[in-house]
Each structure stands twice: as C-alpha cells, then as structure tokens.
Amino acid sequence: MAKIQMTTPLVEMDGDEMTRILWKMIKDELLEPYIDLKTEYYDLGLPHRDETNDQVTRDSAEAIKKYGVGVKCATITPNAQRVEEYKLKDMWKSPNATIRGALDGTVFRTPILIDCIKPTVRTWKKPITIARHAYGDVYAATEYRVPGKGKAELVFTDEAGSETFRKTVYDFECPGVLQSMFNKDSSIESFAHVCFQYALDEKIDMWFSTKDTISKQYDQTFKLLFQKIYDENYKTAFEKAGIEYFYTLIDDAVARVVRSEGGFLWVCKNYDGDVMSDMVSTAFGSLAMMTSVLMSPDGKYEYEAAHGTVTRHYYRHLKGEETSTNPIATIFAWTGALRKRGELDGNAALSAFADKLDAASIRTLEEGVMTKDLAGLCEGIEPTVVNSENMIKEIRERLDAGM
Ligand code: NAP
Ligand code: MG
C-alpha cells in the first residue's frame, strides 16, 4: 500500500525518559509504516536543552508559529535534583511554560473514554474538556504577611501620575494576611476567543463560570467580556452549529457538571481550572488517558499527553526490567496533530488515518488488552496485561485489520 503523503511538516518535539522511548516505538510501529512522515524535528530532551541553553525550546515554539501544528513528547521540568542528576548548566524553565508564553495559548484537557472504565460519576457518558486561563490571578499575586496593627489600602495611579483610586482594604487591629491580584482585558479577550473557537471546532457546548455575584468588578469583567465577544463574533456561528454558550456561577456549574452527561467544554478561571481539572481527570479514571492541546488565539495548535515522563518506569527500564507504560495519550497526541494537519492542508487521507489509529487503539482496550495502570480500573472484562511494546504491537494488528 502506498504511504500517505504530507504537504506541510509537523513540528515534532521529542522529550525525556519513558515517554521518549514510547515516542520512538510509536513512530516506528504506528506512523512511519503508513505515512511518509514529514516533520521538523526539535529535540527537547533535557541534555539537548542544556547544550543549546534552552534555545531549542524557543526555536520549537517559533516553528509552531510558522507551521501551525506541533506534537510534543513529555519533558522534564528541571528542579534542584534534576540539575544534579543531569549536571545542568542552569535550572531551565518548564518547556511547556515557554511554549505557552510564546503562543499566548490556552490548554484544553480531554479524557479518552473506554466502556470498561467507568467514570466515578455515574452520569458521565461523554468527555468533559476543561480550559484553564493560564494568566494572572493568584498565580501572579502580590502578598504580604501583615505583622500587626495598621491600614491596608488599594491604590491606583494612572499613567500621568495622578492617583485615581484609593480605598481602605482593612484596618488591621491584629496580625493578618493581605493579597492583591490582577488580570488584563487583552488576556481575558484572547482567552475567550480561543475557547469559543475550540467549542466551534469540536462542535460542543461551552460553559463559563466565575463568582461575579461576589466579585463585582473582577469576575464581573470576565463575564461581561466573554458575553460581548460571544455576541459580536460567535453567536451566529454557534447557532448554525447547533451548540450553546452559557454563563453561570461557579457553584451552579459544579452542581450541573456532576449531574451532566458530559460532552461539553468547561471554561475556568486560572485557579478554578487548576483545581477542577485534577478533580475531573481523576474522576474519569487515569492521567494516562488524558490528552492536552495548547491553542493560540491566532489558531496554532500543540498536542501532547497530559502526563509527565513517567520517571519511575524509566528507572526500572534502565535496570533492564520490563515496564507496562500506557502509550495511549501519546498516540492520541500524534493523531490529534495529524488530524489537524490534514484539516488545514485539505489532506483527507491524513485525517482519516488519524481516525483509524484512534479507533484501533480504543478497540485494543475494549478487547481487554491494556497496560497495568488500566487493568486495575477495568470492570466487566478480564484484562490481558501487556508491556508497552506489546501494547503497541496489538494496536498495530488492529490498525492493519482496519486498513
Ligand atoms: P508522571 O510522569 O505523570 O508520572 C506519575 C505517575 O503516574 C507514574 O509514576 C505512574 O504511576 C503514573 N503514570 C503517568 N503516566 C503514565 C503512563 N503513561 N502509563 C502508566 N502510568 C503512568 O509525573 P511525575 O512522576 O510527577 O513527573 C515525572 C517528570 O515528568 C518530572 O520531571 C516532571 O517535570 C515531568 N512532567 C512533564 C510534563 C509535561 O511535559 N507535560 C507534565 C508533568 C510532569 P506508577 O509509578 O504508580 O505506575
Ligand atoms: Mg492542579
């Protein structure tokens, strides 16, 4: 059979440890036999980031801006222990943070569902995608441990130097704590655009929640800007696509999410998204079954698995022990990127291949062939536990059968 051709390269970002090993297996067994794979390769493995003083990460982000679609392997975010382990020149920044910053992107996380793993919440039938605003709020707040009696004030001085706002926050009669945080209209607006575009792309309803009844300026601004952008830019397209946008209070959203069937995009402010994405992903089963896409306001995409480099398995692998590391989220990162590349280039064969590889992966799991992490979660069938290599071979057999 002739290999599928590609017109535009994918930006390929290799990574670290166990996921780097899976990365090569997936390319060798599941992609290159079928596709004349065209990628622009960036090695974001920690040794190469160190060699290039992290320039390779910045270059890969520029390449995503140029070509529009990238796929990324999990990478180590160095801490003090990693600096020692890899004898690093510096404690390099998280590659994900660098790429997110360069693309001004929003991360969307979606679970991959299979019949034999039931979500903890019984009503959930379809995936819930969470979008988290990754700018400002408590993550960029200024804090002060108040030592004792005194007055705390909020002051704003405009560009010309005149004080246009001053209000007492609290007259402290004893020690306490103080915090001030900010956000920007421009960031909220680009966040809103990316979310509305994502919902349209995926043809799913979009929910947005804050606490505007209590936060009458801050959260209210988020609510109003989203509504304005929706009315001016997306209302018609949503109606045409048969999908809905609505705003509700975060408390109401939480209650509705738990009673829902799933199948929507839940847009969250920074802190809410941080907390709720962990709750939702745990309730769906496993971090190893969660995909993640970074999308920029001008329509650039970076796909990855939501989990890390699975260090504990890698150390066992180095000792020559067999590991049963789940490759599914990394496979779905590749298929997400190939499908998008296909869509953008009008390359139907490439998108169709991505669908077939997804289907073969799901079929393998539904037939009970799975890695160790899932076997314990699985209900109603007797699972066959395989190592990573055999998991990929089993998927390939089903892919061939479906071609
Ligand atoms: P992790 O790599 O996600 O792994 C944590 C644990 O979750 C594993 O030890 C394993 O549990 C289980 N697990 C995760 N993915 C799995 C898979 N595909 N198959 C089977 N089990 C899986 O998180 P971590 O150990 O906290 O972090 C390791 C490194 O990854 C760190 O250096 C961190 O900086 C990096 N990281 C990178 C990204 C990214 O690039 N996006 C994200 C998070 C973390 P058991 O050991 O119990 O089997
Ligand atoms: Mg969190």
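Start at 1 with the first residue, then count along the sequence. We count ligands from 1, going down the list as the structure has it; atoms in each ligand are counted the same way.
- Sorted by first then second residue, the ring pair (Phe, Tyr, Trp, His ring centres under 6.0 Å) pairs that include residues 22-44, not counting sequence neighbours, are W23-W334, Y34-F353.
- If you look at ligand 1, the protein residues with a non-hydrogen atom under 4.0 Å away are K72, A74, T75, I76, T77, R82, N96, A288, E304, H307, G308, T309, V310, T311, R312, H313, T325, N326, D373.
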Counting only pairs under 3.5 Å, give me each side-chain donor-acceptor contact of residues 282-294, with atom names and distances, residues two or more places apart or in other chains.
from: T282; atom 1: OG1; to: D278; atom 2: O; distance (Å): 2.7
from: S286; atom 1: OG; to: A288; atom 2: N; distance (Å): 2.9
from: T291; atom 1: OG1; to: T110; atom 2: O; distance (Å): 3.2

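- For Y139, there are no ring-ring contact (aromatic ring centres under 6.0 Å, His included) partners, not counting sequence neighbours.
- Aromatic ring centres of F226 and F191 lie closer together than 6.0 Å.
- Relative to the ring axis of F222, K269 places its NZ or CZ within 45° and under 6.0 Å from the centre.
- Rounded to the nearest 0.5 angstrom, N233 CG and F196 CZ are separated by 8.5 Å.
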